[in-house]
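Numbering of ligands and ligand atoms starts at 1, following listing order.
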Amino acid sequence: MSEGTHVLVLNAGSSSVKYQLIDMLDGSRRAAGLVERIGEGGGRLVHTPHDGERREQVQVFADHSAALKAVAEELAADGLGLDSPELVAIGHRVVHGGQRFTAPTLITDEVVAEVRRLIPVAPLHNPANITGIEVARALRPDLPQVAVFDTAFHATLPEHAARYAIDRAVADEHRVRRYGFHGTSHQYVSRATARLLGRDPAEVNVIVLHLGNGASASAVAGGVCVETSMGLTPLEGLVMGTRSGDVDPGLVFHLHRVGGMTVDEIDDLLNRRSGLLGLCGDNDMREIMRRAEEGDPDARLAFDAYVHRLRKYLGAYYAVLGRVDAIAFTAGVGENAAPVRAAACAGLEELGIELDPELNSVRSGAARIVSPPYARVAVAVVPTDEELEIAQQAFALVRAA
Ligand code: ADP
């Protein structure tokens, strides 16, 4: 293997590709960018080299192949093309690894075929991830490429947490179980939290609250994930930007039988027209907090429902872990919305959970503790970095090969 230290991380969605070229010597970004509206009119590529001006191309990208070729050209213009000897691996974010993929995996034809077989459980995500892999492999067939799965970190869920209490034969036939998502973020943040406390991840129990547009909680005991709030799909659990999170499954039958809605309409309702958006017409927490502050009752309800669900999970995961050393807030809302953190932790002193209002209100991009030093449970704000985690896992795998 070459002595290069660069890893290209690709996150291919159905009409977009996000990428970062990371130098594993120090984790620095050599370049980063995004292609949007692939296969639609008016595509856009935004490329930012680490020491240069942001560049933008507006053109039609017919497919992912055209998009990735344009990305390769942008990288080449910075002397960082896909044929650079510095580049040692491409790390691909893959949403669903099923029960088979529980660790980063060197991509082969067989692996691609297996990820394809998982499409029925991840119809929205895995097809795009596979396209990204195929296009990247066509561009650099000889370069090691690694799949890092969103579900992998949750593969350690004990059977009693991973199973839904339904007929086992039906569940097994259709691969129905709780897989969990955002795993790369939960893994990165739980480890970074231990580091922030100056302790070995194997020694600490952490509740991670990943609050972005999608949102999920996890309970991590000694570095091992034992519970997480998303399930068979990313719909279960917390109130999210546009997803409902937990509902009575009977609601689905009700809307179908009494409301006359089709399965697709109910799918659209729960995934795209619910959560904060459904409750108040906005899914951006900044706007909701502003409206609530001005006395808007719908925005207040949305905020309160969001926080209420969060607190239910906090309490539940406290009981699952028995002892909690830290609670880590991450992603867009978790990192930036001090009022959400304050409301989530309010009145929990009996559980050893307390915030220092001053520390909590500081705006910063750094990992930091926002609880007072005497609190039994450290409350931390830890910016997530899924791309770095993917790059590290890919790099470790190719170095070990
Ligand atoms: P994604 O799940 O798309 O990766 P992010 O982790 O970037 O999402 O989170 C996006 C969300 O974070 C936005 O929808 C917004 O609600 C919230 N957010 C971002 N910045 C702030 C802020 N300063 N204050 C409150 N909420 C914020």
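Salt-bridge check for Arg300 with Asp298: failed, with every basic side-chain N at 4.0 Å or more from each acidic carboxylate O. The pair Asp78-Arg55 meets the salt-bridge criterion, with a side-chain N (NZ, NE, NH1 or NH2) lying under 4.0 Å from an Asp/Glu carboxylate O. Contact check on Arg100 versus Glu110 returns a salt bridge, with a Lys/Arg side-chain nitrogen under 4.0 Å from an Asp/Glu carboxylate oxygen.
Each of Glu335, His182, His210, His186 was checked for a side-chain hydrogen bond (donor to acceptor under 3.5 Å, both in side chains) with Thr330, and the lone residue meeting it is Glu335.
Note on ligand 1: Gly214 sits in its first shell, one or more heavy atoms being nearer than 4.0 Å. The closest approach between Met240 and ligand 1 stays at or above 4.0 Å for every heavy atom of the residue. At least one heavy atom of Met289 sits under 4.0 Å from some atom of ligand 1.
Scanning the protein for heavy atoms near atom 17 (C) of ligand 1, the closest one is Val333 CG2, 3.6 Å. The nearest protein atom to atom 15 (C) of ligand 1, hydrogens excluded, is given as Asp284 OD1, 3.4 Å; this is a heavy-atom distance. In terms of protein heavy-atom proximity, atom 9 (O) of ligand 1 is closest to Gly332 CA, 3.3 Å. Considering only non-hydrogen protein atoms, atom 14 (O) of ligand 1 sits nearest to Asn283 O, 3.9 Å. Among all non-hydrogen protein atoms, the one lying nearest atom 13 (C) of ligand 1 is Arg286 NH2, 4.2 Å. Nearest protein heavy-atom neighbour of atom 16 (O) of ligand 1: Met285 N, 2.7 Å. The shortest contact between atom 23 (N) of ligand 1 and any protein heavy atom is with Asn336 CB, 3.3 Å. Closest to atom 3 (O) of ligand 1, if we only count protein heavy atoms, is Asn213 CB, 3.7 Å.
Looking only at side-chain heavy atoms (C-beta outward), Leu209 and Leu314 come within less than 4.5 Å of each other. Counting heavy atoms from C-beta outward, Arg273 and Asp268 have side chains that approach closer than 4.5 Å. Side-chain contact check for Glu389 versus Thr384: every heavy-atom pair is 4.5 Å or farther apart.
Distances below 4.0 Å separate heavy atoms of Ala331 from the following atoms of ligand 1: 6 (O). Numbered from 1 in the order shown, with element, the atoms of ligand 1 that lie under 4.0 Å from a heavy atom of Arg363 read 23 (N). Listed by number with element, the atoms of ligand 1 under 4.0 angstrom from any heavy atom of Ala337 are 25 (C).
If you look at His182 next to ligand 1, there are no close heavy atoms at all, none under 4.0 Å.
One distance of note links OG1 of Thr151 with CD of Gln99; it measures 10.0 Å at 0.5 Å rounding. The OG1 atom of Thr184 sits 11.0 Å away from the CG atom of Asp385 when rounded to the nearest 0.5 Å.
Applying the side chain to side chain contact (heavy atoms under 4.5 Å, CB included) test to Asn336 and every residue at least two apart in sequence or in another chain returns Arg363.
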